[in-house]
Amino acid sequence: METPCQKIVWDLVPAIRASLAIELVKKGQSQAASAKLLGIAPSAVSQYISGKRGYRIEFQGETKELIEKLAQDLIDNTVADFVVRICEICVSARGIEKKCNSGCGPEKQDENKTEDKAEDQEKTEA
């Protein structure tokens, strides 16, 4: 049985990467530059563009707009937190209102930082 998390890891995340790679190339970036911006191998970008990888999902609406905006922000070097932006795209693609509880949404990350600081303080005081 496939869990929802497996579906996300095997289908959704690669499709997001593929869409980002395609969008970066559409915006004039080379495959090598796109790979560098995404932190992946140039061969992965080539496979995304050729449809050999990450091709199972086609995004529309808000999700597509988020991908286009992230691609432009990567080109402009104005991305503050790549992980949070990918998480926002994932949440949009999944069609859920609130951020996921997996620790990837900005609210959860802020909670985790607060909890980590409290734990560090307790250890220091002990």
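Only a predicted model underlies this, so the values are computations on that prediction, with no experimental measurement involved.
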(message) Between S19 (side chain only) and A15 (backbone N and O only), is there a donor and an acceptor less than 3.5 Å apart?
(response) yes
- Message: Starting from L12, can I reach F82 by hopping between I/L/V/M/F/W/Y residues whose side chains sit under 4.5 Å apart?
- Response: yes
In short, side-chain hydrogen bond (donor to acceptor under 3.5 Å, both in side chains) pairs touching residues 29-40 with sequence neighbours left out are none
Would you say I8 ends up clustered with I86 if hydrophobic residues are merged whenever their side chains have heavy atoms under 4.5 Å apart, either directly or through other cluster members?
yes
So salt bridge (charged side-chain N to carboxylate O under 4.0 Å, His left out) across residues 71-80, not counting sequence neighbours, yields K69-D73, D73-R85
dist E23:CD -> L74:CG (nearest 0.5 Å) comes out at 11.0 Å
The complete set of salt bridge (charged side-chain N to carboxylate O under 4.0 Å, His left out) pairs with one or both residues in residues 3-19, sequence neighbours excluded, reads K7-D11, D11-R56
In short, S92 meets L66 closest at the heavy-atom pair CB-CD1, 3.6 Å
Minimal heavy-atom distance between I40 and Y48, with the atoms involved, is CD1-CE1, 3.7 Å
- prompt: Under the side-chain contact (heavy atoms from CB on, under 4.5 Å) criterion, do F59 and I89 qualify, and how do the steps go?
  reply: CA-CA 10 Å; F59 300 107; I89 293 167; 5.6 Å; no
Value for CD (E68) from CG (L20), rounded to nearest 0.5 Å, stands at 10.5 Å
Between the OG atom in S43 and the NZ atom in K52, the distance rounded to the nearest 0.5 Å is 10.5 Å
Treat each ILVMFWY residue as a node, draw an edge where side-chain heavy atoms are under 4.5 Å apart, and state whether I67 and V13 are in one component. yes
In this structure, are over 12 heavy atoms from other groups packed under 6.0 Å from E58 atom CD? no
dist L24:CG -> I49:CD1 (nearest 0.5 Å) comes out at 9.0 Å
Do the side chains of L38 and I57 join up, straight or via other hydrophobic residues, at under 4.5 Å, putting them in one cluster?
-> yes
**Q.** Within-4.5 Å side-chain heavy-atom neighbours: V79 and L37
**A.** no
